[in-house]
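Shown next, in structure tokens, is the structure this report addresses.
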Amino acid sequence: MTEQQLEDLLAQMTLHEKLCQLTQGEPRKIVDKMAGVVNPDANKNNLTEEEYYALGSVISYVPKASVLRGVQQDHMAKDRNKIPLLFMSDVVHGKETVFPIPLAMGCSFNPELVRSACETAAREASASGVHTVFAPACDLARDPRWGRVMESYGEDPYLNAQMAAASVRGFQGGEDRIDEAHVSSCMKHYLGYGACFGGRDYNTSDVSEYELQNYYMRSFEGAAKAGVAMAMTSFNTLDGIPMTIHEKYLRTLREELGFGENVIISDYNSLAECENHGITGKDSELAHLALTAGLDIEMMSTKILSGTENLVRSGELSEEAVDKAVMRILRLKNRLGLFENPYRGLDETAEKNFARNPVQREKARNCALECGVLLKNEGVLPISVHEKIGLAGPFADSDEVGGEWAFAMLEPYNISLYQGLCSQMPKENITLACCDRIKRFKFNKEQIDTDIPEYGDVSTFADCDKILVAIGEHMGDSGEAASKHTISLTPNQIALVRKLRSLGKPVIAVVFAGRPMDILQISQLCDGVLYAWYLGCETGNALAELLLGRANPSGKLAMSLPANLGQIPVHYNHLPQGRQWMDYIDYTEKPLYPFGYGLSYSKFEYSNLTVDGRTVTVTVKNVSSLPGAEVVQLYIRDHFAKVSRPVKELKAFQKLWFAPGEEKTVTFTVTDKMLSYWYRGQWLWEPGTFSVFVGPDSERTLSQQCEY
Ligand code: GLC
């Protein structure tokens with residue numbers, strides 16, 4: 001449709017119908033349990049029949065083509081204005097084919113890999129009738145107690161921005177018109193959600209504008225510049241104001257970060273929850289605050305629907321504010337081609353073919369190969385297929401390895417580590433034992449209610465050459481509403497590793513987690529450590545390839561791994577102090593493993609750092625006999641500025657593949673943007689003394705001071 005046609009459509013709508021367009025519900029009908037209509041009483045919003053059939057959008061948690069086709073047909077038959085419904089869903093790291101969790105994908109340091117993964121997810125989601133996915137999560141994550149770090153791309157603004165932009169291009173296809181193989185994406189959760197006090201989800205965040213602009217906003221800017229179609233406000237407050245009605249920062253989003261006239265949606269019920277924040281419980285006041293701030297869609301509450309009409313009738317709020325929001329939604333539907341075809345993308349046959357599809361799953365496996373992070377290897381990896389391997393621990397043969405926020409699939413099918421190994425080496429060479437699973441924590445106020453098995457006799461591994469121990473946290477212990485007061489492994493797992501160590505065999509830990517965990521004891525007890533995160537549906541196959549050396553690890557930490565809880569927050573790009581004594585009196589402030597760190601089976605040597613004006617070069621050589629990839633990282637420090645600047649900041653990286661013995665000269669160009677920082681409403685670059693660092697991670701770098 002043309003802009004004029006959209007305007008004409010708007011003109012024919014009543015005010016009440018416009019307000020329904022700004023309201024998101026859930027499909028009322030349960031045509032099929034797999035429809036993902038998780039809420040049988042979807043009309044808990046007490047919508048009238050007319051309101052329900054005038055809704056602008058609905059959420060579907062397990063989208064199924066045949067069901068959403070029926071919901072759309074029903075809607076189109078009954079909506080007076082024949083405006084197609086927008087179907088939205090949480091396809092965060094895969095729909096039918098589940099990719100590694102975003103935090104693991106951040107560790108790939110490969111934006112093209114992330115773009116491709118999101119494009120695959122978009123294709124599958126679109127076939128099931130999804131028009132908008134609630135991804136990427138752009139939250140800057142520094143506190144591993146927060147369960148939603150698993151959805152983020154980690155602690156660095158630059159890496160987050162690169163991955164967020166790649167995700168948007170993957171989901172949306174890079175064009176203004178979003179074709180049927182793609183979906184519109186919704187960046188979330190704007191803003192400062194990851195800075196919640198105590199790492200407790202939904203808790204207050206209090207972040208200076210300096211920090212917000214120089215750290216937290218950059219990923220949202222990256223997504224906005226990539227053309228993201230939607231943004232979701234976060235549950236937290238900033239400056240005591242709930243983000244859902246935060247006029248200042250929603251204006252910043254639109255006017256400074258380049259989001260412009262795209263659609264802003266609340267999080268689930270977050271407008272209604274402004275009452276819990278102590279702002280107001282009056283529908284009309286909430287509606288006024290939301291529409292004035294620039295909110296367009298209210299998810300799963302009806303304050304705008306119930307509280308706006310009187311405001312407009314009384315003249316307290318112009319109907320223009322409503323019209324602006326409606327037009328943004330109509331334009332998004334138009335961008336998706338919904339007016340020409342309300343069933344765009346829906347394809348029951350394609351959907352069925354995506355289930356357990358080997359071609360799709362190979363993409364997930366190849367992605368997973370670049371997301372595992374090798375943290376320690378005292379000559380024990382890779383394993384030979386001829387060696388006798390012990391396999392222990394709660395994740396040894398668990399299929400709960402896809403990661404949280406991956407429930408949109410119709411046929412879940414994750415490969416366990418044991419299954420993966422058995423498919424790539426003689427099964428008789430693997431001894432599986434002491435592998436009872438742990439359950440997720442359920443805090444029921446009186447006690448931690450979880451069933452933690454004790455691992456007993458390990459003598460069954462006595463004749464093994466090496467022992468793999470698969471440990472970590474339950475998949476359900478990360479994600480939303482899954483913050484933890486500790487990042488330690490359960491005692492029974494540490495006890496198991498100690499017992500295995502006592503056998504005098506090489507022990508290799510494979511860690512399954514949705515967050516950085518305290519693996520200090522594990523790293524001390526084990527000869528090898530591979531951080532597996534949750535690598536999606538092909539976890540077991542990918543890990544087997546990495547452990548057997550069929551693939552060479554190349555992952556680098558997207559988030560620092562603390563040595564213990566007490567160090568939190570610990571991130572590499574911190575400000576300097578007036579006094580350089582930063583350690584505790586009882587422990588170092590250095591993390592166990594720093595941002596950007598990750599080993600390979602190859603060995604890379606860095607030399608000859610040169611800074612010639614804006615051109616930085618370094619020589620990197622693969623001095624091993626194994627081909628492998630290395631992420632060459634460029635960091636910069638601004639030594640003197642109007643405000644204190646971080647001790648270093650990632651400004652660029654290149655993931656390069658090397659043949660055995662191959663040497664490369666790697667070149668970076670320093671731009672004004674790399675030298676700039678936000679200060680009091682503007683981006684400043686002040687000529688002066690800078691340092692340039694280049695290396696394999698944020699600590700082991702070659703460096704040179706220079707004047708820019
Ligand atoms: C949840 C999450 C958000 C998700 C939304 C819809 O509360 O915060 O990430 O997209 O609701 O499920």
Side-chain angles (χ1 to χ4, degrees), residues 23-27 35-39 42 44-45 55-63 68 85-95 101-103 118 121-122 125 128 130-141 146-153 160 164 167-168 171 183-196 199-205 219-220 223 228-237 242-244 263-274 276-277 295-301 403-409 476 478-483 514:
T23 304
Q24 178 170 100
E26 280 181 276
V37 178
V38 292
N39 169 14
K44 68 176 186 302
N45 302 120
L55 283 177
S57 59
V58 292
I59 285 185
S60 175
Y61 283 99
V62 182
L68 295 190
L85 267 178
L86 204 54
F87 292 120
M88 304 193 191
S89 187
D90 289 289
V91 177
V92 176
H93 55 108
K95 203 268 178 187
I101 58 173
L103 185 54
C118 293
S128 291
V130 175
H131 305 135
T132 300
V133 293
F134 294 132
C138 297
D139 306 306
L140 188 88
W146 188 48
R148 305 198 78 167
V149 297
M150 57 75 56
E151 294 173 73
S152 79
Y153 289 119
N160 273 356
S167 302
V168 170
F171 284 127
V183 293
S184 52
S185 64
C186 174
M187 63 179 177
K188 66 185 186 182
H189 308 78
Y190 186 79
L191 175 67
Y193 188 23
C196 47
R200 289 196 299 279
D201 205 2
Y202 315 128
N203 201 5
T204 304
S205 298
S219 52
F220 292 97
V228 71
M230 192 178 287
M232 183 188 297
T233 60
S234 52
F235 288 118
N236 59 287
T237 57
M243 275 313 302
T244 304
V263 174
I264 297 177
I265 187 172
S266 78
D267 204 334
Y268 197 111
N269 200 46
S270 64
L271 182 56
E273 288 166 11
C274 290
N276 304 338
H277 283 293
L295 188 73
D296 300 311
I297 298 178
E298 180 179 359
M299 185 193 294
M300 292 314 294
S301 57
E404 271 304 277
W405 283 112
F407 41 63
M409 73 290 271
S478 59
E480 183 176 1
S483 297

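We count ligands from 1, going down the list as the structure has it; atoms in each ligand are counted the same way.
- Among protein residues, Tyr61, Asp90, Phe134, Arg148, Lys188, His189, Met232, Phe235, Asp267, Tyr268, Met299, Trp405, Glu480 come within 4.0 Å of ligand 1, judged on heavy atoms.
- Annotation: Trp146 is in aromatic contact with Tyr193 [ring centroid separation under 6.0 Å].
- Distance check, rounded to the nearest 0.5 Å: NE2 of His277 to OG1 of Thr237 gives 6.0 Å.
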Carefully, step by step, assess Asp267 and Lys188 under the rule side chain to side chain contact (heavy atoms under 4.5 Å, CB included).
CA-CA 9 Å; Asp267 204 334; Lys188 66 185 186 182; over 6 Å; no
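- Under the side chain to side chain donor-acceptor pair (under 3.5 Å) criterion, Tyr153 pairs with Ser167, not counting sequence neighbours.
- By the salt bridge (Lys or Arg N to Asp or Glu O under 4.0 Å) test, Glu480 is found to be paired with Arg148, residues two or more places apart in sequence or in another chain being considered.
- Residues satisfying the side chain to side chain donor-acceptor pair (under 3.5 Å) test with Asp139, not counting sequence neighbours, are His189.
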